[in-house]
Amino acid sequence: MLEKSLAGLSALLICAAARAGELHPIVEVQNGYLFGATADGKWMKAEQAAKGLKAEITYRIYGLTQSFGEAKGDKPKPSEEDVCLDNFVVSLSSNPDKGAVALAAPWNALPRKPQVIDPTQKVYVDAVRDFLKTKLIEQPKVKIENILRVDLDGDGEEEVLISATNYFQKDEGAPMRSPAGSYSIVLLRRVVSGKVETQLVEGEFHPKAYVRKEDSFDAPNALQSDRCTRS
């Protein structure tokens with residue numbers, strides 16, 4: 001399923017600003033996947049949101065650190081991909097290469113610019129390793145894709161988002177089968193009651209190799225802090 005990391009993080013930014021009675025959808029720019037929407041200050045899943053959305057909705061397109069203007073979106077349609085039949089897709093009139101999400105709302109969803117920081121910093125490598133061990137991956141090979149530092153909730157305290165994926169292959173994306181010790185996670189590091197905590201936003205953990213079963217399909221996800229994809 002294409003949801004999770006970005007949808008959850010986007011909801012943190014838009015739920016508080018949603019006006020009663022309005023529907024504010026979020027779309028993944030590159031593939032057009034509808035994550036869902038907010039209505040009356042609450043999160044609405046894609047299937048339900050699609051029923052209330054019409055064509056020619058104006059979306060604002062955002063990347064990790066900047067806005068890319070506006071685009072028109074068609075009415076959501078069921079995905080035509082065999083492995084994603086339960087997803088809905090919105091065709092956008094513009095999809096910049098660095099665009100991540102499209103949001104139909106009147107407010108600025110990027111009020112504070114994230115800072116991209118060095119993914120090799122020991123404190124974050126150690127944090128990811130320690131977290132993976134709690135998920136029964138005994139000797140994790142840490143492979144951090146990116147780290148973002150940003151004040152998510154506007155309280156003056158910056159949070160850190162960490163994306164880490166290792167499926168033990170050279171090319172990007174997710175394989176058809178998950179090797180032993182592989183994983184894909186998005187972690188949130190923030191101060192809670194004066195102490196730094198590492199919290200899971202979304203993740204997949206594969207301590208053991210996938211064993212194919214008859215008529216089964218279990219392609220893993222590759223999760224990122226700006227989007228998530230499935231092979």
Side-chain angles (χ1 to χ4, degrees), residues 1-114 146 148 150-154 161 163 172-174 186 201-202 221-231:
M1 290 283 298
L2 290 176
E3 284 182 345
K4 312 297 184 181
S5 61
L6 183 56
L9 296 174
S10 299
L12 291 175
L13 298 178
I14 69 177
C15 281
R19 300 174 183 173
E22 293 185 353
L23 193 63
H24 301 293
I26 306 175
V27 174
E28 195 273 329
V29 170
Q30 298 306 316
N31 298 295
Y33 290 109
L34 175 66
F35 288 125
T38 60
D40 296 326
K42 297 181 180 180
W43 181 248
M44 181 183 294
K45 293 184 178 180
E47 183 176 3
Q48 184 181 2
K51 298 176 182 178
L53 297 176
K54 301 178 180 179
E56 294 300 308
I57 293 178
T58 299
Y59 292 83
R60 293 184 182 182
I61 298 178
Y62 296 91
L64 280 179
T65 60
Q66 67 183 102
S67 172
F68 291 96
E70 297 182 345
K72 293 291 185 180
D74 290 342
K75 183 176 177 59
K77 299 178 181 179
S79 173
E80 296 180 354
E81 297 182 12
D82 290 341
V83 297
C84 299
L85 293 177
D86 55 349
N87 289 325
F88 287 83
V89 177
V90 174
S91 178
L92 297 171
S93 61
S94 175
N95 55 347
D97 289 342
K98 293 185 179 181
V101 294
L103 168 64
W107 61 83
N108 178 17
L110 198 65
R112 295 168 293 279
K113 184 177 179 179
N146 59 64
L148 301 176
V150 61
D151 180 2
L152 287 172
D153 50 14
L161 290 164
S163 301
E172 296 181 356
V186 176
V201 176
E202 182 62 21
N221 290 318
L223 305 169
Q224 300 177 21
S225 55
D226 62 329
R227 65 174 61 90
C228 47
T229 59
R230 162 165 269 178
S231 171

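- With a 4.5 Å cut-off on side-chain heavy atoms, P25 and M44 do not count as touching.
- How far CG of N146 is from CG of L161: 9.0 Å, rounded to the nearest 0.5 Å.
- Here the side chains of F88 and S79 are not in contact, with every heavy-atom distance at 4.5 Å or above.
- Side chain of K113 to main chain of Q66: no donor-acceptor pair is present (N/O by atom type, distance under 3.5 Å, no hydrogens or angles).
- Between Y59 and L103 there is no side-chain heavy-atom pair separated by less than 4.5 Å.
- Atom CD of residue E22 and atom CG of residue D40 lie 9.5 Å apart, to the nearest 0.5 angstrom.
- For the residue pair T65 and L110, the shortest heavy atom distance occurs at C-CD2, 3.5 Å.
- Under the 4.5 Å side-chain criterion, counting only non-hydrogen atoms from C-beta, Y33 is in contact with V89.
- A distance of 15.0 Å separates CD1 in I61 from NZ in K98, rounded to the nearest 0.5 Å.
- Smallest separation of non-hydrogen atoms from A49 and L34: CB-CD2, 4.5 Å.
- Taken from CD in Q48 to CG in L23, the straight-line distance is 9.0 Å, to the nearest 0.5 Å.
- Closest of all the heavy-atom pairs between P96 and F68 is CG-CB, 3.8 Å.
- Under the rule for a side-chain contact (heavy atoms from CB on, under 4.5 Å), the partners of S93 that lie at least two apart in sequence or sit in another chain are A71, K72.
- E70 pairs by the side-chain contact (heavy atoms from CB on, under 4.5 Å) definition with T58, R60, not counting sequence neighbours.
- Contact detail for A104 and I57: the closest heavy-atom pair is CB-CG2, 3.6 Å.
- Counting all heavy atoms, side chain and backbone alike, A109 lies closest to Y62 at N-OH, 3.2 Å.
- Within 6.0 Å of the NZ atom in K77, the count of heavy atoms belonging to other residues, nucleotides or ligands does not exceed 12.
- Here D74 contributes atom CG and K54 contributes atom NZ; the two are 15.0 Å apart, rounded to the nearest 0.5 Å.
- Nearest heavy-atom pair across A102 and V29 is N-CG2, 3.7 Å.
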